[in-house]
Amino acid sequence: MNLTLYVWRQKDAKDSGGFEKYTDECKDISEHMSFLELLDVVNERLIEKGKMPIAFDSDCREGICGTCSMVINGRPHGPWKKTTACQLHMRAFKDGDVIYIEPWRAKSFPVLQDLMVDRKALDDIVQAGGYISTNCGSAPDANSVQIGKEIADAAMDAAACIGCGACVAACPNASAMLFTAAKISHMNTLPQGKPEAGKRTLDMVNAMDQAGFGNCSNHLECEAACPKDIKATVIAEMNRAYAKASLTKR
Amino acid sequence: MNLDAKIPEGPIAEKWENAKFSYKLVNPANKRKFDIIIVGSGLAGGSAAATLAELGYNVACFCYQDSPRRAHSIAAQGGINAAKNYQGDGDSVYRLFYDTVKGGDYRSREANVYRLAQVSRNIIDQATAMGVPFAREYGGTLANRSFGGAQVSRTFYARGQTGQQLLLGVYAGLSRQIKAGKVTMFTRHEMLEMVTHEGRAAGIVTRDMVSGKIESHAGHSVIMASGGYGNTFYLSTNAMGCNVTASYRAYKKGAGFANPCYTQIHPTCIPVSGEYQSKLTLMSESLRNDGRIWVPKNKEDCKKKPEQIPEEDRDYYLERKYPAFGNLVPRDVASRNAKLMCDEGRGVGATGFGVYLDFSDAIQRLGKKLVEERYGNLFEMYERITGDDPYSTPMKIYPAVHYTMGGLWVDYNLQSTVPGLFVLGEANFSDHGANRLGASALMQGLADGYFVIPYTLGNYLGSEKPEKISTDHAVFKEAEKSCKDRIEKLLAIDGKRTVDSFHKELGLIMWEHCGMARNESGLKKALELIPALREEFWSDVRVPGSGANLNQSLEKAGRVADFLEFGEIMCRDALTRDESCGGHFREEHQTEEGEAKRVDEKFSHAAVWEYKGEGNEPTRHEEPMTFEHVKFSSRSYK
């Protein structure tokens with residue numbers, strides 16, 4: 001198939017950036033390619049012409065590392081539900097389509113180059129409390145605390161987050177609530193995470209605010225965009241945990 | 001080259017205890033005086049960074065990804081082995097040890113493997129304490145599944161995302177130490193050079209991949225946990241960024257490289273669909289429990305739809321050749337046979353390099369619902385990638401490069417031949433011999449990082465008392481200059497071919513001649529082709545842009561330049577290892593039925609390569625592998 005791409009090109013964080021149109025470079029595209037392989041092909045053709053290739057992040061290309069991050073026709077990770085950009089395939093498009101590709105858009109995710117952004121703010125949130133404070137060597141036998149299957153499954157549902165930031169990119173407020181709440185829910189649900197649950201919730205929410213992410217106004221775009229199907233109910237859990245922790249803080 | 005493995009005294013079950021007692025300790029107040037550099041933030045590097053920081057050392061940790069949470073350990077699906085014997089089915093430390101040595105086809109070091117099996121139990125406790133949501137039974141205890149190469153259920157798992165959950169556990173602990181100021185994390189930094197001073201590891205030189213800045217980092221010790229070299233083949237199940245540069249730079253500074261020819265080819269991956277293919281996706285091995293593998297009996301049928309090929313014209317070749325194990329033969333046997341069928345011209349799919357994995361019998365026998373329960377998410381993933389629905393038409397699969405058992409040589413203390421340089425996880429060579437069992441990679445990475453290096457590093461620092469040199473020292477300045485010169489050289493070539501085109505060509509050479517089956521003439525041919533390709537690379541590659549900012553083509557060019565040298569060492573090792581063992585199959589050494597044949601009297605050793613300078617052939621050394629507990633036998637799956 002032949003396509004027309006409008007790709008966001010931006011030299012570095014200071015550059016104002018803008019869309020560039022590509023047509024010659026996107027001819028004869030196979031429907032079996034992944035979306036990122038389309039960009040690989042375009043890049044090979046750009047380099048052959050002596051131009052700079054499009055910079056974009058990707059690593060595992062199997063939907064688990066959370067590195068790839070691009071808005072495709074207005075939707076983070078593109079048109080397929082529960083699918084990262086690396087697993088989106090060109091069957092989703094047809095000959096003659098026009099595709100717009102942009103980086104994640106959020107104040108807390110400054111653009112580094114073209115489609116690459118800096119997501120350090122997400123690491124900062126986890127560093128504020130997204131852990132259980134146990135030193136290596138002091139763990140009791142793993143079966144010494146029984147954890148019901150339902151509890152373990154609920155924790156796993158939340159822990160499936162890949163930290164890609166699509167929820168932030170999808171949110172009109174650029175809120176990181178779904179990301180933060182998923183981590184809090186994962187840890188607070190498990191018995192091992194209970195002792196620090198209150199402090200963790202307060203610290204992570206504060207870190208999220210400090211990083212400049214917006215608030216939640218219940219659009220639920222985050223849930224729709226999440227490639228791992230994290231449910232927005234974790235946000236309600238987080239809000240409840242936050243209220244409780246604020247009131248019982250010592 | 002000194003290859004003293006420093007195996008501790010005593011019976012095998014007491015060696016690790018004896019070693020720990022004999023190790024020198026570093027007083028808690030003195031630990032903060034030591035600076036440790038760690039390259040890599042996956043299961044091995046990340047767990048080492050967090051644990052050493054908890055002990056009080058100052059750690060600087062480097063990764064090329066934008067966050068330590070994205071290291072490729074994250075992609076492991078199946079699970080992690082541990083000799084917990086929670087199922088009461090006869091598992092024990094000794095049995096895990098035994099299975100691992102045998103599965104590695106008698107090419108690993110017994111003492112190391114025994115320790116691995118011992119600490120495997122602590123890993124599950126530690127990961128659980130860190131909040132890893134392992135699968136549970138309704139009663140609340142941990143669940144297990146069985147895996148290839150074992151007759152007990154010892155594999156712990158978190159759905160199909162065990163690697164992800166273990167890595168997030170490691171990342172959580174690491175994040176806590178970053179917050180505490182004990183770990184300084186350098187993301188989007190790539191190690192380009194290792195620095196030694198008076199024969200010891202003194203630090204590294206990195207490139208900040210955003211600003212392009214070349215920086216030196218000095219430490220009292222350097223820990224390498226930079227993963228495997230599967231991407232030498234271009235196409236593999238590794239992540240796009242996985243590379244051999246860190247290990248290779250260490251090799252060039254005197255670290256011996258052991259068994260580079262040992263690569264593991266995983267039998268169930270989605271086949272290549274075209275030239276644009278950038279990576280291969282693994283489909284869990286568990287599919288072979290219920291799927292039947294076949295190809296058409298007649299070449300003429302290969303282009304037909306599978307539904308049009310009647311039952312009597314199908315060749316269920318694994319069931320035919322290995323009636324006892326059928327579709328459940330080990331990874332290397334399944335892979336080799338798929339290749340054999342395709343080489344005979346009976347492969348299926350657009351490229352002819354694929355075999356069918358058919359679930360129609362299973363659906364008939366178990367019902368669609370049960371098949372969906374067992375494999376639903378895998379079927380969904382397959383359909384997303386290929387557009388085919390495995391419920392109604394057979395899957396197409398083909399083997400792909402998955403893991404590398406070779407790596408930098410280390411002694412029992414995980415120290416390389418360069419004092420002060422330690423190597424953990426897939427980057428070292430020690431525990432898996434010539435073939436790794438499923439669910440053992442996660443175990444080894446975490447064993448090294450959580451439970452081995454915290455002791456052995458202390459012994460090095462406590463007994464050798466290494467000095468840290470300043471980054472102003474001439475050795476750092478020289479290393480920085482050589483990095484800068486190399487970058488400028490790459491940018492100045494301004495030839496006609498892209499970096500990827502060279503990488504793909506190298507991958508094809510490696511796959512053809514140093515892949516699933518190797519022979520003398522093919523390897524000799526590869527040893528001619530690779531240097532020629534390397535020469536062309538250095539005269540005709542085109543790397544656009546500059547080194548002074550983010551430049552992905554430049555990053556790739558540096559890595560491919562190293563793959564182009566390293567591929568040659570892999571072939572050289574494969575050529576000199578004139579036997580078949582585990583993942584290394586030399587066509588000259590097979591039984592009449594086409595099974596791998598070891599030559600124990602000549603090759604029961606690790607081959608360790610020593611760099612001898614530009615343009616000179618590396619020297620091959622041997623560390624003998626002796627087996628006091630697990631007796632030699634040949635594997636049979638008939």
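Values reported hereafter were calculated over all heavy atoms of this structure, with side chains retained and with hydrogens, waters and symmetry mates removed. Sequence lines set the chain letters: A, B, ... in the order given, protein chains first and strands last, and positions in each chain run from 1.
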Choice from [options] maximising heavy atom contacts with chain B below 4.5 Å:
| options | answer |
| --- | --- |
| Glu48(A), Glu31(A), Gln146(A), Lys120(A) | Gln146(A) |
| Gln113(A), Glu150(A), Lys51(A) | Gln113(A) |
| Ala155(A), Ser144(A), Ala159(A) | Ala159(A) |
| Val41(A), Leu36(A), Asp12(A), Asp153(A) | Asp153(A) |
| His32(A), Arg61(A), Glu62(A), Gln192(A) | Arg61(A) |
| Ile132(A), Leu88(A), Ile147(A) | Ile147(A) |

Which region of [X], side chain (C-beta onward) or backbone (N, CA, C, O), has a non-hydrogen atom less than 4.5 Å from a non-hydrogen atom of chain B, or is it both or neither?
| X | answer |
| --- | --- |
| Asp114(A) | neither |
| Lys11(A) | neither |
| Ala160(A) | both |
| Thr189(A) | neither |

Taking all non-hydrogen atoms of both residues, which atom of [X] and which atom of [Y] are closest, and how far apart?
| X | Y | result |
| --- | --- | --- |
| Thr498(B) | Glu44(A) | OG1-OE1, 2.6 Å |
| Thr134(A) | Met130(B) | O-SD, 3.7 Å |
| Leu190(A) | Gly131(B) | CD1-O, 3.4 Å |
| Met240(B) | Ser58(A) | CG-OG, 3.9 Å |
| Leu142(B) | Ala142(A) | CD1-CB, 3.3 Å |

**Asked** Going by atom types alone, do Glu37(A) and Ser278(B) pair a side-chain donor with an acceptor below 3.5 Å?
**Response**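 A donor-acceptor contact under 3.5 Å links the two side chains.
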Taking the side chain as every heavy atom from C-beta outward, state whether [X] and [Y] have any atom pair closer than 4.5 Å.
| X | Y | value |
| --- | --- | --- |
| Ile54(A) | Gln552(B) | no |
| Cys136(A) | Phe451(B) | yes |
| Asp59(A) | Tyr64(B) | yes |
| Leu174(B) | Tyr131(A) | no |
| Arg119(A) | Arg70(B) | yes |
| Arg188(B) | Asp57(A) | yes |
| Ser553(B) | Asn43(A) | no |
| Asn143(A) | Arg136(B) | yes |

**Asked** When you check the gap from the basic side-chain N to the acidic O, do Asp141(A) and Lys84(B) get nearer than 4.0 Å?
**Response**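 Looking at Asp141(A) and Lys84(B), the cut-off is met.
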**Ion pair check, Asp40(A) and Lys279(B), cut-off under 4.0 Å** =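 Salt bridge: no.
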If you round to the nearest 0.5 Å, how far is [atom2] of [Y] from [atom1] of [X]?
| X | Y | atom1 | atom2 | result |
| --- | --- | --- | --- | --- |
| His72(B) | Thr67(A) | NE2 | OG1 | 10.5 Å |
| Gln161(B) | Met156(A) | CD | CE | 4.0 Å |
| Tyr276(B) | Leu38(A) | OH | CG | 11.5 Å |

**Message:** Is there a side chain to side chain contact (heavy atoms under 4.5 Å, CB included) between Arg176(B) and Asn135(A)? Walk through the geometry before answering.
**Reply:** CA-CA 10 Å; Arg176(B) 176 170 157 243; Asn135(A) 279 0; 3.0 Å; yes
**Asked** Most heavy-atom pairs under 4.5 angstrom with chain A, which of Val499(B), Asp66(B), Leu55(B)?
**Response**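 The residue among Val499(B), Asp66(B), Leu55(B) with the greatest pair count is Asp66(B).
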